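Reading through the structure tokens given below for one structure.
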Protein chains: 2
Amino acid sequence: MSAVATTDGATTNGATTDGRVLKGNETRRLVLGRAMRIASVEGLAALSLGRLASELELSKSGVFALFGSKEELQLATVRAASRVYHDQVIAPALDRPEGLARLWALAESWLAYSRTRVFPGGCFFYAVGAEFDAQPGRVRDALAEGSRTWHGLIADQLAAARAAGELDADEDVEQLGFEVVAVMEYANALSLLHDDDAPYDRARTALRRLLGAAPTD
Amino acid sequence: MSAVATTDGATTNGATTDGRVLKGNETRRLVLGRAMRIASVEGLAALSLGRLASELELSKSGVFALFGSKEELQLATVRAASRVYHDQVIAPALDRPEGLARLWALAESWLAYSRTRVFPGGCFFYAVGAEFDAQPGRVRDALAEGSRTWHGLIADQLAAARAAGELDADEDVEQLGFEVVAVMEYANALSLLHDDDAPYDRARTALRRLLGAAPTD
DNA sequence: CCTACCGATCGGTAGG
DNA sequence: CCTACCGATCGGTAGG
């Protein structure tokens with residue numbers, strides 16, 4: 001049975017392989033979902049193969065086989081969180097026109113992503129960025145790249161807004177982008193530390209000062 | 001001999017005790033110094049009795065005896081960092097008059113404290129706050145209290161500035177304090193993640209926009 | 001994915 | 001009866 005040749009061995013192998021790959025992909029998603037939530041609260045260092053295995057009723061060696069090393073598990077967790085971030089924060093804003101409209105949409109979806117605790121520890125990248133910002137390596141490199149991408153997206157909207165006359169012509173969009181992200185990140189931090197939603201209103205007030213009033217529609 | 005009574009048994013006991021207590025206090029300071037540096041880079045969870053002991057060439061049980069438990073070691077590390085923060089950031093500003101002068105002094109000493117890496121992982125409270133903000137317990141409680149104290153100090157200076165006419169009478173000092181701290185914290189974060197001092201200039205530029213130009217003296 | 005292990009290290013405690 | 005340790009070891013868990 002195991003050695004039967006068919007005209008579409010690829011399909012047979014594919015079926016077997018597919019079954020395993022699908023199972024593996026499901027398990028992988030299961031593990032990464034738990035890993036993202038743990039890391040947002042306790043940090044990527046708190047991920048351990050044994051803990052994930054026992055919490056998900058898998059074998060430790062099975063979890064290990066999916067990722068190959070602890071660092072690969074951490075990197076896969078960062079990539080999985082990047083996908084969540086894209087889906088929750090970035091994608092919903094992309095149907096708004098470039099400029100202040102899209103920037104406000106990004107800000108509101110970011111604040112909702114933090115406030116509604118898409119991750120139980122708040123923004124995944126705030127938590128994990130603070131953990132790894134002084135620890136050189138592939139995890140920090142991945143986080144730094146994500147930071148550049150996010151800043152670039154913000155600055156692009158500010159540049160489009162300036163080109164459209166929504167901001168003063170002499171506005172420094174990099175400086176403005178720094179301040180925009182700073183108040184959002186700090187709202188996340190204070191909200192978590194003091195278990196309080198008020199900082200999100202502080203962030204919104206600061207954004208209005210920086211950008212002008214939010215679009216009414 | 002062992003039961004000889006003296007007229008100053010207290011002094012004899014005191015001398016012995018003093019010698020041991022001084023030794024213990026020195027060891028304690030040594031351990032806490034290393035613990036603060038480790039925690040600023042890797043987090044309080046990375047502190048272990050065995051690691052501190054081996055790095056400092058002490059016995060693990062000796063380190064344990066100084067603190068009694070890992071949580072007490074973490075709390076003692078937070079208190080030690082609070083003293084460093086007070087000495088490095090707060091105390092140097094207290095000889096300036098209340099209001100914008102003292103606020104600018106606090107901001108400049110804070111930026112220097114972060115930029116010069118008084119702790120190798122940048123601001124201790126940024127790193128450890130992000131680690132524990134979603135982990136209820138005594139460590140988070142201590143960090144939340146420190147956050148309230150720091151915000152209160154900032155808001156007091158802004159209120160004094162407003163009372164002295166240095167700020168508009170209708171300025172919301174809590175809101176302004178939120179924005180002041182946000183840009184400083186984010187400068188720390190970006191500087192560490194991208195190994196770059198430019199974010200400190202971004203923070204200073206933002207502070208000038210929030211507060212007006214820095215005093216020239 | 002499994003059981004069965006390894007070298008090491010974890011927080012914490014024993015008697016001296 | 002105290003402190004500040006020591007060498008050794010407790011029950012468990014880490015990554016692999």
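Worth saying up front: this structure is predicted, and the values here are computed from it rather than measured. Order of the sequence lines fixes the chain letters, A, B, ..., with proteins taken first and strands second; residue numbering starts at 1 for each chain.
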From the candidates D:dG15, C:dG12, C:dC1, the one with an atom nearest any side-chain atom of B:F64 is C:dG12

With respect to the side chain of B:K60, which nucleotide from C:dG12, D:dG16, D:dC5 is positioned closest? C:dG12

Under 4.0 Å between a side-chain N or O of B:T27 and OP1 or OP2 of D:dA4? no

Just checking, is any N or O donor in the side chain of A:T77 or A:R37 under 3.5 Å from an acceptor N or O on the other one? no

Atom P, compared across C:dA8 and D:dG12: separation rounded to whole Å: 22 Å

Nearest-Å distance for atom pair CG/P, residues B:L49 and D:dA4: 16 Å

Nucleotide nearest B:R51 (side chain, heavy atoms from C-beta), chosen from C:dG12, C:dC10, C:dC1: C:dC10

Of all heavy-atom pairs linking B:A107 and B:L207, the shortest is CB-CD1, 3.8 Å

Rounded interatomic separation in angstrom, taking CD from B:E72 and P from C:dG11: 15 Å

Strictly below 4.0 Å, N to O, side chains only: are A:R96 and A:E108 in salt-bridge contact? no

Side-chain H-bond candidate by donor/acceptor type, A:R202 with B:Q175, under 3.5 Å: yes

Pairing string of DNA chain C (Watson-Crick or G-U wobble, both atom distances under 3.5 Å; | = paired to other strand) is .....|...||...|.

Rounded to whole angstrom, note down the C1' distance from C:dG15 over to D:dC5. 14 Å

Pairing of B:E179 and B:R209 as salt bridge, 4.0 angstrom limit: no

Base, sugar-phosphate alone, or nothing: which one does B:L73 contact when heavy atoms must sit under 4.0 Å apart? nothing

Does A:K70 make a side-chain donor-acceptor contact with the base of D:dG16, cut-off 3.5 Å? no

ring-ring contact (aromatic ring centres under 6.0 Å, His included) evaluation trace for B:Y186 with A:H151: CA-CA 13 Å; B:Y186 198 50; A:H151 267 277; 5.7 Å; yes

Could you check how far CZ of A:R28 sits from C1' of C:dC1, rounded to whole Å? 15 Å

Counting just side-chain N and O atoms, does A:S61 come under 4.0 Å of either OP1 or OP2 of C:dC1? no

Atom-pair distance (CG on A:L66; P on D:dG15), nearest Å: 15 Å

ring-ring contact (aromatic ring centres under 6.0 Å, His included) with A:Y85: which of A:F124, A:Y126, A:Y113? A:Y113

Please state how far atom CZ in A:F67 lies from atom C1' in C:dC1, giving the value in whole angstrom units. 13 Å

Separation of atom CD in A:E71 from atom C1' in D:dG15, rounded to whole Å: 13 Å

A:E57 has an atom CD; how far is it from atom P of C:dC1, in whole Å? 13 Å

